[in-house]
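Comments concern the structure below.
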Amino acid sequence: MNFEPIIRGVLAGDGRHIGRAISAVERGESSEILRALFERTGRARVIGITGPPGAGKSTLVQRLAQSYRRRQKRVGIVAVDPSSPFSGGAILGDRIRMSEIYTDPGVFIRSMATRGALGGLARATADAVDVLDAAGYEVILIETVGVGQDEVEVVQAAETVAVVLVPGLGDDIQAIKAGILEIGDVFVVNKADREGADRTAAELAMMLDLSPHSPWRPPIVRTVATRGKGIEEVVAALEAHAVHLASGGEGARRREKRIRARLLALLAERFRRTVETRPSEREDWKEAVRRVRDREEDPYSVASRLFDRLVRETVER
Ligand SMILES: Nc1nc2c(ncn2[C@@H]2O[C@H](COP(=O)(O)OP(=O)(O)OP(=O)(O)O)[C@@H](O)[C@H]2O)c(=O)[nH]1
Ligand SMILES: [Mg+2]
């Protein structure tokens, strides 16, 4: 496939071509596109929004987008979330209420397929962020449900992560804290119009006190996303974190960590494809399967031998 027109379209900020580029990226056809776009990336401010299902992440993302638009920023939204109003199963009311951002040419909204992206969702999301970055979106918001390791990986494409919680989490907070408390740079207690927001904020503050001290103490902000309350405070907290990252090398350290994770994922994917597409390996492969099946050898030893051989052959070639 000739990606030239798509690449030119992305660089010109053309929505149709941006959409095509992200679709190509989802199919795992990223390398040509991203190589061409790379020198135009690295400019966007990338923010992850995560939290339990139904916490109000999409509503908050829409509000944040409106706020950044008022600051003349172009906003890209990547929703990695099957039930998001951004994706197929749109909640009509939300769409109408927020129709402003759907028709605003300064906002690009894209939901990612949550399954089947070649090389994983985290890889596809990071690539989609690069496409939007190269297309000139200055703020990129990634929404993902914070429930598992995959989502944690996805949101780590962002330099700042906001974790959205709701009042009355109670025991839930214990259950989810292991996963998402550690990745939160900013905490949002949304649905503060409901009872218990103060208590949730207090519990959260206590938990943050217990975790290891770092120079950045994550702020806790109360919001009512549906009514736009507290949004400016969230933006202020996000921007304060950006300032923190820029000072003292923390931003550079995180960037390197992200790059390492990305390279590792690409290498793993490449290795996997090499193994899967090698005709010369097929006899060994069959033999390997047979040996384990007949219990002549354990799978670890067999895999280890196959690995050594593959690496040797790759080096010799
Ligand atoms: N009372 C109240 N309801 C809210 C608030 N924010 C969002 N909601 C409602 O909560 C519901 C879920 O909101 P979403 O923004 O779709 O939540 P989400 O976290 O994106 O949900 P998933 O993507 O499905 O995990 C919707 O009916 C919103 O209108 C709030 O501050 N207060
Ligand atoms: Mg959502």
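In listed order, ligands and their atoms are each counted from 1. Nothing here was measured: the structure is a model prediction, and the numbers come from that model.
For T59, heavy-atom contacts with ligand 1 shorter than 4.0 Å involve the backbone as well as the side chain. Within the 4.0 Å heavy-atom criterion, both parts of V224, backbone and side chain, lie near ligand 1. Contacts between E143 and ligand 1 below 4.0 angstrom, taking non-hydrogen atoms only, involve the side chain exclusively.
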(request) Could you please spell out the steps behind the side-chain contact (heavy atoms from CB on, under 4.5 Å) verdict for R255 and L245? (result) CA-CA 10 Å; R255 212 167 310 129; L245 288 179; over 6 Å; no

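By the rule that hydrophobic residues join a cluster once side-chain heavy atoms approach within less than 4.5 Å of another member, I101 and V235 end up as members of one cluster.
Between the Mg ion (ligand 2) and S58 there is an N/O/S contact shorter than 2.8 Å.
Every residue two or more places apart in sequence or in another chain that forms a side-chain hydrogen bond (donor to acceptor under 3.5 Å, both in side chains) with E239 is listed here: Y68. By the side-chain contact (heavy atoms from CB on, under 4.5 Å) test, V292 is found to be paired with P299, V302, residues two or more places apart in sequence or in another chain being considered.
Of all atoms in ligand 1, listed by their number and element, those nearer than 4.0 Å to a heavy atom of S58 are 15 (O), 18 (P), 20 (O). Within the listing of ligand 1, atoms 25 (O) sit less than 4.0 angstrom from a heavy atom of V145.
For E143, the N/O/S atom at the shortest distance from the Mg ion (ligand 2) is named OE2.
At least one N or O atom of G56, backbone or side chain, sits closer than 3.5 Å to an N or O atom of ligand 1. Backbone and side-chain nitrogen or oxygen atoms of A55 are examined, and one is located within less than 3.5 angstrom of a nitrogen or oxygen of ligand 1. Considering backbone and side-chain atoms alike, P53 places every N or O at 3.5 Å or more from each N or O of ligand 1. When only interatomic distances are considered, the shortest N/O to N/O separation between A225 and ligand 1 falls below 3.5 Å.
The residue among N190, T223, T144, V61 with a heavy atom at the shortest distance from atom 6 (N) of ligand 1 is N190.
Side-chain contact of R194 with T200: a donor-acceptor pair under 3.5 Å is absent, judged by distance alone. Checked by atom type, the side-chain pair R35/S30 shows no donor-acceptor distance below 3.5 Å.
The aromatic rings of H241 and W216 lie perpendicular to each other, with more than 60° between the two planes, well past the 30° mark.
Taking a cutoff of 4.0 Å between a charged side-chain nitrogen and a carboxylate oxygen, R253 and E256 do not qualify as a salt bridge.
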